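What follows is a set of notes on a single structure, which appears directly below.
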There are 2 protein chains.
Amino acid sequence: MPVTLRDIADRANVTTATVSMVINNKPNISDETRQRVMTIARELNYYPNSIARSLAISKSNSVGVIVPNLASSYVVRILQGIKSTNRDIEYTVQLFDTIGQKESEAQLFQRLARERRIDGAILVDPVCSEDEMRVFKDEMVPCVVVARRTTFLDTVFVDNLEAARSATQYLLGKNHRDIACVICRKTNLPWEDRVEGYRYALTDSGIQANDDYLISVPDDGMHDGEIAWTRIASMKRRPTAVFVPAGDMVAIGLMKAAKRAGLRIPQDIAVVGFDDLPAAEVIEPALTTVRQPKLEMGDTAIGMVIDKIEKRSPGVTSVELQTKLIVRESA
Amino acid sequence: MPVTLRDIADRANVTTATVSMVINNKPNISDETRQRVMTIARELNYYPNSIARSLAISKSNSVGVIVPNLASSYVVRILQGIKSTNRDIEYTVQLFDTIGQKESEAQLFQRLARERRIDGAILVDPVCSEDEMRVFKDEMVPCVVVARRTTFLDTVFVDNLEAARSATQYLLGKNHRDIACVICRKTNLPWEDRVEGYRYALTDSGIQANDDYLISVPDDGMHDGEIAWTRIASMKRRPTAVFVPAGDMVAIGLMKAAKRAGLRIPQDIAVVGFDDLPAAEVIEPALTTVRQPKLEMGDTAIGMVIDKIEKRSPGVTSVELQTKLIVRESA
DNA sequence: TTGTAGGCGTTATCAT
DNA sequence: ATGATAACGCCTACAA
């Protein structure tokens with residue numbers, strides 16, 4: 001039913017080879033033939049069958065984007081970054097969410113690659129183990145990892161250590177000396193780098209990091225902020241400031257709890273978050289927080305895969321993007 | 001380089017036809033052969049080339065999801081719904097964002113369909129005209145529209161009129177009689193239905209709708225809420241309640257402005273939003289708002305396309321989902 | 001139960 | 001400049 005090269009070829013009294021060359025703007029076609037074929041193609045409303053084309057040229061023209069959980073606003077933001085530059089690019093984005101799947105990210109990637117569904121992949125904030133990730137290296141299709149540091153794969157990530165250090169320094173600059181730190185040890189969060197940055201900042205200022213001030217919460221929701229607050233409220237020497245690398249929602253939960261307890265923010269207790277979610281502007285006082293360049297991360301990631309796909313550019317490249325402390329009112 | 005049916009066939013001393021049948025679990029194959037072939041396939045680490053398969057069976061096994069703007073949290077939520085049930089389904093999701101594109105949604109859809117890239121499509125919250133949408137009807141691939149009402153296409157939408165009516169009724173039940181309504185006329189927002197619902201509720205209670213109370217703002221951000229507030233603040237007879245079908249961010253902006261002006265919420269002015277964004281829980285007092293079943297919408301939509309693709313259901317079906325008023329503190 | 005042969009719609013390598 | 005023809009890798013009658 002759909003019109004094919006053959007239909008055009010027949011009507012134009014040429015072969016499919018010629019039509020194909022015309023459609024793809026190849027040289028060495030007489031102007032006359034070119035015109036005739038194009039006219040007929042238009043008349044017949046011809047669209048090339050992309051699957052047949054893919055089979056012939058062994059290229060799917062699509063890249064897989066594998067995310068751990070589409071419910072995370074962080075992930076979505078990166079996805080936006082990917083899509084925004086992908087606009088004018090001739091690669092289709094195939095989206096995969098691995099949450100609750102039997103297949104691990106590594107297995108999924110491997111399958112997609114071997115089934116020739118994708119020419120490349122972007123792995124956002126993967127939760128799988130380092131060992132599992134080694135399979136990526138051996139596949140024939142390039143893969144770039146976003147928001148997680150790896151040595152053997154192309155990566156775009158953020159300098160979490162430096163981000164945490166400067167956030168902490170900001171607090172120190174406000175003359176806070178008792179600064180708590182609320183983290184969440186979920187596997188895909190780079191909490192280690194952030195804690196390290198926090199510690200460095202303290203050390204640099206000649207302050208001995210107090211392990212009691214390091215609070216770990218199970219998840220990264222508002223409720224976890226309340227948990228953190230009860231921990232803080234019960235301390236013998238209560239910190240005057242809290243840095244919350246666990247994320248803005250935790251910071252917000254903490255602020256709400258503190259306010260409910262009668263504290264004023266930032267006078268009685270200052271708080272700095274991490275992420276810069278939309279909600280950071282909604283809470284009162286507005287949350288001072290570390291903004292990650294998520295759009296840019298997605299953006300550079302898609303650029304990198306496409307480069308790899310097309311130029312076969314060798315070696316592994318890592319791009320480190322900088323964060324920015326967004327100063328509002330909570331500190 | 002990659003292993004094909006032929007490789008397996010050779011090693012197993014059968015033909016590719018036999019191998020194909022084994023791989024696809026077709027009947028009428030001796031157990032012995034089946035075992036032998038499977039073993040070899042596993043040894044060689046065989047993965048079927050999905051593109052070749054698609055070409056052979058004329059089926060791409062993927063559905064296109066076309067969204068107007070991935071930056072909208074509303075859209076993202078629906079996307080989550082689509083992905084969540086799509087989990088165990090053998091259709092791949094290809095994601096397209098039309099914002100800033102030269103191609104209209106209709107053109108994009110048409111192209112994808114004709115190029116045989118997709119077996120079906122979901123059109124989320126389309127901004128294109130009714131006329132343009134007629135294109136969808138004539139393509140050979142099914143398409144379901146989400147979050148917008150159409151008569152000639154499969155649709156899953158929400159009863160905006162009823163949602164607005166019951167939100168307004170809730171306010172009336174709290175003895176408010178002067179109720180303003182803040183809308184945003186962006187094309188893809190069903191503001192007309194919502195205004196109608198608002199009016200019905202008033203009329204039902206024997207109240208004459210006051211056109212001065214109908215406020216239109218240019219966009220749906222926090223800033224627009226401030227605009228709305230200045231309008232309200234300047235009214236000779238100030239409403240005691242505001243219903244904000246323009247969305248939660250507008251409602252939040254309005255609340256902030258009102259609080260800054262010294263008003264207490266809900267005592268001096270009550271506000272009810274629309275959408276139930278995460279931020280609705282963050283603002284203080286927490287926002288009472290209309291929750292749309294966005295996950296369910298995505299969920300139903302993907303189910304519908306797949307049904308259509310697999311021909312389980314003829315005709316055009318419309319599914320109407322119900323909203324829910326989430327009562328918090330702002331009213 | 002298995003093999004033969006043709007087709008799915010393009011692209012690409014030869015000749016001519 | 002164009003035509004034959006063989007891939008690309010898989011599926012599916014139909015034949016044996």
Side-chain angles (χ1 to χ4, degrees), chain A residues 1-38 40-41 44-62 90 111-119 140, chain B residues 1-38 40-41 44-62 90 111-119 140:
Chain A
M1 198 70 254
V3 16
T4 70
L5 283 189
R6 160 112 273 116
D7 301 318
I8 302 180
D10 289 350
R11 287 219 192 11
N13 289 315
V14 292
T15 63
T16 60
T18 306
V19 179
S20 174
M21 297 176 96
V22 171
I23 297 292
N24 294 323
N25 275 312
K26 303 280 187 191
N28 294 330
I29 299 280
S30 77
D31 259 20
E32 195 272 323
T33 311
R34 192 180 294 276
Q35 294 308 331
R36 186 156 39 93
V37 168
M38 283 307 272
I40 296 179
L44 263 39
N45 220 314
Y46 170 74
Y47 285 79
N49 181 321
S50 69
I51 296 190
R53 172 176 283 173
S54 284
L55 182 60
I57 67 181
S58 301
K59 192 156 182 292
S60 68
N61 276 299
S62 63
E90 71 281 32
R111 184 167 62 80
L112 295 175
R114 307 255 245 248
E115 290 179 352
R116 301 238 128 37
R117 283 178 198 276
I118 56 175
D119 296 331
M140 287 295 76
Chain B
M1 198 70 255
V3 15
T4 69
L5 284 189
R6 159 110 272 118
D7 300 318
I8 301 179
D10 289 351
R11 289 221 192 9
N13 288 316
V14 291
T15 64
T16 59
T18 306
V19 179
S20 174
M21 297 175 97
V22 171
I23 297 292
N24 294 325
N25 276 312
K26 302 282 185 190
N28 296 330
I29 299 279
S30 77
D31 258 20
E32 195 274 324
T33 309
R34 192 181 295 275
Q35 294 308 330
R36 186 156 38 94
V37 168
M38 284 305 273
I40 296 179
L44 295 183
N45 219 314
Y46 171 75
Y47 284 79
N49 180 320
S50 68
I51 296 189
R53 172 176 282 174
S54 284
L55 183 59
I57 66 180
S58 299
K59 192 153 181 295
S60 68
N61 275 299
S62 63
E90 72 279 32
R111 183 166 63 79
L112 295 175
R114 307 256 246 248
E115 290 178 352
R116 299 242 141 9
R117 284 178 196 278
I118 56 176
D119 296 331
M140 287 296 75

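Since the model is a prediction, treat every value here as computed from it, not as a measurement. Letters A, B, ... are given to chains in the order of the sequence lines, protein chains preceding strands, and every chain is numbered from 1.
- Between the CG atom of A/N25 and the C1' atom of C/dT10 there is a distance of 16 Å, rounded to whole Å.
- Counting any heavy atom pair closer than 4.0 Å across all strands shown, B/K26 reaches sugar-phosphate atoms only and no base atom.
- Both B/R34 and B/S58 lie close to DNA chain C; mapped to their nearest nucleotides by heavy-atom distance, the more 5′-ward contact belongs to B/R34.
- Counting any heavy atom pair closer than 4.0 Å across all strands shown, A/N13 reaches sugar-phosphate atoms only and no base atom.
- Annotation for A/S54 and A/S60: closest pair OG-CA, 3.7 Å, computed over non-hydrogen atoms.
- Taking every side-chain heavy atom of B/S30 into account, C/dT2 is the closest of C/dG3, C/dT2, C/dG9.
- Heavy atoms from other residues, nucleotides or ligands lying under 6.0 Å from CZ of A/R34 number more than 12.
- Per the geometry, NZ belonging to B/K59 stands 17 Å off P belonging to C/dG9, to the nearest Å.
- Taking 4.0 Å as the cutoff to heavy atoms of chain B, we find the contact window on DNA chain D bounded by D/dG9 to D/dT12.
- Under the 4.5 Å side-chain criterion, counting only non-hydrogen atoms from C-beta, A/R116 is in contact with B/P2.
- Contact annotation for A/S54: no contact, since no heavy-atom pair falls under 4.0 Å across all strands.
- Contact annotation: A/R53 does not reach the phosphate of C/dG9 (side-chain N/O to OP1 or OP2, under 4.0 Å).
- Following rounding to the nearest Å, B/L5 (CG) and C/dG6 (P) show an atom-to-atom distance of 19 Å.
- Side-chain contact check for A/T4 versus A/N49: every heavy-atom pair is 4.5 Å or farther apart.
- Closest approach to the A/I57 side chain among C/dT10, C/dT11, C/dT4 is made by C/dT11 (side chain taken as heavy atoms from C-beta onward).
- Contact annotation: A/T16 side-chain N/O to C/dT10 OP1/OP2 distance is not under 4.0 Å.
- Computed from coordinates, the B/M21 CE to C/dT4 C1' distance equals 13 Å when rounded to whole Å.
- As judged by a 4.0 angstrom heavy-atom cut-off over every strand, A/L55 is placed among the base-contacting residues.
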Throw together a table of side-chain donor-acceptor distances under 3.5 angstrom for residues 19-27 of chain A, partners on residues two or more places apart or in other chains.
| from | atom 1 | to | atom 2 | distance (Å) |
| --- | --- | --- | --- | --- |
| A/N24 | OD1 | A/R53 | NH2 | 3.0 |
| A/N24 | ND2 | A/S20 | O | 3.3 |

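- The side chain of B/T18 places no N or O atom within less than 4.0 Å of a non-bridging phosphate oxygen (OP1 or OP2) of C/dT2.
- With values rounded to the nearest 0.5 angstrom, B/K59 atom NZ is found 12.5 Å from B/S50 atom OG.
- Of the candidate nucleotides C/dT1, C/dT10, C/dG3, C/dT1 has the atom lying nearest to any side-chain atom of B/N28.
- Atom CZ of B/R6 is separated from atom C1' of C/dG3 by 12 Å (rounded to the nearest Å).
- Across C/dG9, C/dC8, C/dT2, the shortest atom-to-atom separation from the side chain of B/A56 is found for C/dC8.
- Residue A/D31 is classed as having no contact, given no heavy-atom separation below 4.0 Å to the nucleic acid.
- Not counting sequence neighbours, the partners of B/T16 by the side chain to side chain contact (heavy atoms under 4.5 Å, CB included) test are B/L5, B/R6, B/A9.
- Under the 3.5 Å distance criterion, the side-chain polar atoms of B/R36 are matched with a main-chain donor or acceptor of B/A12.
- One atom, CG of B/N49, and another, C1' of C/dT10, lie 14 Å apart when rounded to the nearest Å.
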